[in-house]
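Have a look at the structure below before the remarks.
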Amino acid sequence: MSQKFIINGGRPIEGAIKVKGAKNAALKVFPLALMTSEPIGISNMPEIEDCYRAEEMLVALGHEVSRSGKGVVEISYKSRTCVNLPPGLVNKFRASIMFVGPLLATCGEVCFPHPGGCVIGAGTRPIDMFLDGFVKMGAKVEVLENSYRLSAKKLKGATIFFPKITVTGTESLMTTACLAEGITILKNCAMEPEIPALAEFLNTMGAKIAGAGTPVIKIEGVKKLRGGNYMLIPDRIETGTFAILAAVANSGEVLIENCNPGHLEALWALFDKIGVNYKLGQNSVKISPTKKILPSNIVTHEYPGFATDLQSPYTVLMTQAHGLSLIHETIHDRRLLFTDMLTQMGANIIMADPHRVVVSGPSKLYARKLISPDLRAGIALVIAALIAEGSTEIDNIYQIERGYEDLVERLTGLGADIKKV
Ligand code: EPU
């Protein structure tokens, strides 16, 4: 039987909460171990299901992964056992695609099924831009019945333009190009903070990457990479989610610690507009209660725009704003479908089309039995349940715990009444 959250809503939310290391940075570091024979140490690692799957992937490929404390992971090379990515793991998380390039670059071939992860795009989320990039670097791609097979005697540097901005696509080709022969230029790259962080670490391993964090990245291939130690940057989506939770609850002061407020400028600009009281510190944010939340439209956008991963918590916030707001989701096709569950809880939300909803607030929310459809919609339902009247049951919480460590403990620390059963 799957585990559930039981949340009794209406408790004041106040106190301090610490942000963990960034999930979407962590998942991109594990595959680097395939590119060096020296050990890699990672600290500030979030203890979440997706990271455990990435660890299992490395073990399946012949590496040793050990822990010397909470959030501290050591990876060392034993022997390469195969070039097939285990389908049972690839199915579990989208970032499993990050293992493809390093295997291709070091073994000359790799087989894998279509990656899994949150069901938030049309059909299965496409990987065409990864495949096109590997082809440009000299790989042969065979599409078999249930898998892809990529092969290349030697990868060569190439100039690659991304027709659409892709975060993991940028990270994957940037990483792979480090071991390709010659120069790779990536154009129209994603600029999320996890990308320069990854490039910085790769450079300490001996890579030659310039321009990460801008739309054009230049990579000069090297023959070998060293090991090294990497401290993950704080999770900006967790930071934003907790800030929005504090604004939704609007019941006390919430101090969010161990974060980098500089990664969330789009959110703070929006808070200015809708009247949320916040104070930014160097590594912290304090949210204080406000008289009235005003409505504001949002359009999700690649970094530094408003993150799609914060759209669902923000939609909950708008159910408490005084007036109408239009939420326009431009990145992932299915990310607004969860709003149907907010409507069941009492929110006044009209779906204009699959990419846009109009929220009319404020609405009182009531407890319901809910199922978490995916990670970010799941946390939005948790936030809604925390202010709803009554006891909400949220099923399928694997989809929430994939991305948030010790959620019950940390929210309980803020005064929430939440239990896992
Ligand atoms: N796309 C293609 N073809 C491709 C790759 C992407 O059409 O080959 C499309 C996608 O379907 C999507 C758009 O391009 O419509 C952007 O997708 P992107 O590749 O940027 O997304 P991603 O790298 O798969 C990462 C995060 C997501 C986050 C997005 C956007 C990781 C592991 N995941 O996904 O995070 O929503 O960037 O910021 O880094 C989450 O943490 O809940 C999550 C889904």
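Order of listing sets the numbers, starting from 1, for every ligand and every atom in it. None of the values given here were measured: they were computed from a predicted structure.
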request  = Could you tell me which atoms of ligand 1, counted from 1 in the order shown, lie closer than 4.0 angstrom to a heavy atom of Arg335?
outcome  = 36 (O), 40 (C), 42 (O), 43 (C), 44 (C)
ask   = Looking only at heavy atoms, is any part of Asp309 under 4.0 Å from ligand 1, and if so is it the side chain, the backbone, or both, or is it neither?
value = side chain
request  = Could you tell me whether a side-chain N or O of Arg368 sits under 3.5 Å from a main-chain N or O of Gln344, the two making a donor and an acceptor?
outcome  = yes
ask   = Which of the atoms of ligand 1 are close to Ile127, meaning less than 4.0 Å from one of its heavy atoms?
value = 8 (O)
Donor-acceptor pair, side chain of His114 and main chain of Val90, under 3.5 angstrom = no
message = Under 6.0 Å between ring centres: does that hold for Tyr314 and Phe306?
response = yes
message = Using a strict threshold of under 4.0 Å (side-chain N to carboxylate O), is an ion pair present between Arg226 and Glu38?
response = no
Pairs under 3.5 angstrom only: tabulate donor-acceptor contacts from the side chains of residues 160-170 to other protein residues two or more places apart or in another chain.
unit_1, atom_1, unit_2, atom_2, d
Thr166, OG1, Gly169, N, 2.9
Thr170, OG1, Thr166, O, 2.6
Thr170, OG1, Ala190, N, 3.1

inquiry  = Would you say Thr315 and Gln311 are linked by a side-chain donor-acceptor pair, where the criterion is simply a distance under 3.5 Å?
reply    = yes
Could you pull out every donor-acceptor pair under 3.5 Å between side chains of residues 297-304 and any protein atom, sequence neighbours left out?
unit_1, atom_1, unit_2, atom_2, d
Asn297, OD1, Leu326, N, 2.8
Thr300, OG1, Glu329, OE2, 3.3
Thr300, OG1, Thr330, N, 2.8
Thr300, OG1, Thr330, OG1, 3.2

note = Scanning both residues in full, the closest heavy-atom pair of Pro113 with Leu85 reads CD-O, 4.0 Å
key: Selection from Leu131, Asp128, Asp235 by shortest heavy-atom distance to atom 3 (N) of ligand 1   = Asp128
message = Heavy-atom distances under 4.0 Å decide this one: backbone, side chain, both or neither, for Leu375 against ligand 1?
response = side chain
task = Return a yes/no value for Glu171: is any of its N or O atoms, backbone included, closer than 3.5 angstrom to an N or O of ligand 1?
result = no
inquiry  = Going by the closest heavy atom to atom 39 (O) of ligand 1, which one wins out of Arg94, Lys28, Met129, His332?
reply    = Lys28
message = With a cutoff of 4.0 Å, is Gln311 in contact with ligand 1, counting heavy atoms of the residue only?
response = no
message = Below 4.0 Å from ligand 1: does a non-hydrogen atom of Ile165 turn up there or not?
response = yes
query = Quick one: which ligand 1 atoms are inside 4.0 Å of a heavy atom on Val167?
reply = 18 (P), 19 (O), 20 (O), 23 (O), 25 (C), 37 (O), 38 (O)
task = Find all atoms of ligand 1 within a distance of less than 4.0 Å from any non-hydrogen atom belonging to Lys23, and give their numbers and elements.
result = 40 (C), 41 (O)
message = Quick check on contacts: which atoms of ligand 1 are under 4.0 angstrom from a heavy atom of Arg376?
response = 40 (C), 41 (O), 42 (O)
query = Is there a donor-acceptor pair closer than 3.5 Å between any side-chain N or O of Glu64 and the backbone N or O of Val59?
reply = no
message = Quick check: Ile331 and ligand 1, any N/O pair under 3.5 Å apart?
response = yes
message = For ligand 1, which is the ligand I care about here, please tell me if Arg125 has any N or O atom under 3.5 Å from one of the ligand's N or O atoms.
response = yes
key: Among Lys23, Arg410, Arg67, Lys20, the one residue meeting salt bridge (Lys or Arg N to Asp or Glu O under 4.0 Å) with Glu47   = Arg67
key: Nearest candidate to atom 30 (C) of ligand 1, where distance is taken over non-hydrogen atoms, out of Thr170, Asp50, Ile97, Thr308   = Thr308
